[in-house]
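Counting starts at 1 for both ligands and their atoms, in listed order. Only this structure's heavy atoms are used, side chains among them; waters, hydrogens and symmetry mates stay out.
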Amino acid sequence: MTSFQLIALHESLYKTKPSLNIFTPGRVNLIGEHIDYNGGLVMPFAITKGTYVTASARSDKTINCFSKNFESLGVISFNIDDYQKANNWADFVKGAVFELGKLGISLPYGLDLTFLGTIPTSSGLSSSASLEVSIFNIFKDIYNLDLTDEKIALLSQAIEHDYIGVNCGIMDQFIISCAKDDSVMLLNCANLEHSYSNFELGDYVILIMNSCKKRDLAASKYNERLAECMKALEIVKKYYDVKDLCSISVVDLIKIKDKFDDEVIYKRALHCVSEIARVKDCYNALNDNDLVTVGKLLNQSHESLKENYEVSCKELDLLVDTARSINSCLGARMTGAGFGGCAIAIINKDDVDSAISKINE
Ligand code: GLA
């Protein structure tokens, strides 16, 4: 479906022309996995798959939402002042109204909204964050709200925490709201300081491979990992004066290894502190155009996510192993929360077609 067709769909649904038509990207994380909620550094970038939305203002207080991706649910309607959760996709729109309400912003009139997401559902490329940011972008433009891109990222994360019930970090919403073309972001999740690096890979490309594995337990397992990291932080704090797990080095952690009664908690911490070191090395390697080192770091990140953080699965491992068997592959790893979803690989442009057929097989 094209943007033109989405406009036509909006007109046929609501018998009015949309006054706004926007696109919001999805994201891939190059490296720095499961450390955003531990005050770590991450290196995500935006992709051309994302969320298209058309919008028109109404004279009453109804918000009508239609998504081409959930066509069978039809138009979902609610009143601006009554946004009860209904456990369907439109909860993200209600969550946005709720978050603005918490800031004392009440919306003056309703809207007709039509959505089209081009990110495969449950692929780990942040379709939810893309949807959240797109809603705030629409609200900002239509209601003339004073919201910066950073504020939109934080409000979008708040929908997940307060309304949906996933205690996610800030990475997805931040890159999606603040991305720049052809750039990878280095984001410090402890203080939101960020910079951008040119993301030119010369003869190489990043291949994104979808395992199509359903991520049924992803949300509960995610919250479980978060809780394990908090336990690790409690132990670390007894020996170091730090606020976040990612504030200590691998050497610091090894020094207190015997203070951890539970080996699982130690392994979670080891992933976090080793991953932040890999992000720093990756950032330097990318700036030196040293893709061979970037690839090696991606491989090491995957091993750590698989062995220490235990968020990979056999489908993702198979994708990663298959990609690595391609001669020009410099490195591959799972990306995003894991338990299914996508993996990425750096391969030579000339090998893209053969790699795709091999991986599809
Ligand atoms: C999900 C979360 C992010 C981040 C990643 C793992 O995408 O939304 O905040 O924690 O998992 O790196």
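- Taking only nitrogen or oxygen atoms, main chain and side chain alike, I35 does not reach within less than 3.5 Å of ligand 1.
- Among all non-hydrogen protein atoms, the one lying nearest atom 3 (C) of ligand 1 is D36 OD2, 3.3 Å.
- Salt bridge D91/K85: absent, no basic N to carboxylate O contact under 4.0 Å.
- Using modelled atom types, no side-chain atom of N29 and backbone atom of F45 make a donor-acceptor pair closer than 3.5 Å.
- When ring centroids are compared, H10 and F66 stay outside the 6.0 Å threshold.
- Both the sub-6.0 Å distance and the 45° axial angle are not jointly satisfied by K255 relative to the ring of Y239.
- Because its NZ or CZ atom is both nearer than 6.0 Å to the ring centre of Y196 and within 45° of the ring axis, K180 counts as a cation-pi partner of that residue.
- For atom 6 (C) of ligand 1, the closest heavy atom belonging to the protein is E33 OE2, 3.3 Å.
- Below 3.5 Å of separation, one finds no N or O of Y37 facing any N or O of ligand 1.
- The nearest heavy-atom contact from the protein to atom 7 (O) of ligand 1 is D172 OD2, 2.7 Å.
- Each of the atoms 1 (C), 2 (C), 3 (C), 4 (C), 9 (O), 10 (O), 11 (O) of ligand 1 lies under 4.0 Å from some heavy atom of Y222.
- Contacts between R225 and ligand 1, counted as non-hydrogen atom pairs separated by less than 4.0 Å, are absent for every part of the residue.
- Close approach of ligand 1 to G169 is summarised as follows: ligand atoms under 4.0 Å from at least one heavy atom of the residue are 9 (O).
- Shortest contact from atom 5 (C) of ligand 1 to any protein heavy atom: M171 CE, 3.8 Å.
- Set against the non-hydrogen atoms of A337, the atoms of ligand 1 under 4.0 Å away are 1 (C), 11 (O).
- Checked against I347 for a side chain to side chain contact (heavy atoms under 4.5 Å, CB included), the options I206, N327, V352, D203 give a single hit: V352.
- Between H271 and Y309, the two ring planes are tilted [angle within 30° to 60°].
- Checking side-chain atoms of K349 against main-chain N and O of V205 turns up no donor-acceptor pair under 3.5 Å.
- For R27, the closest heavy-atom approach to ligand 1 falls below 4.0 Å.
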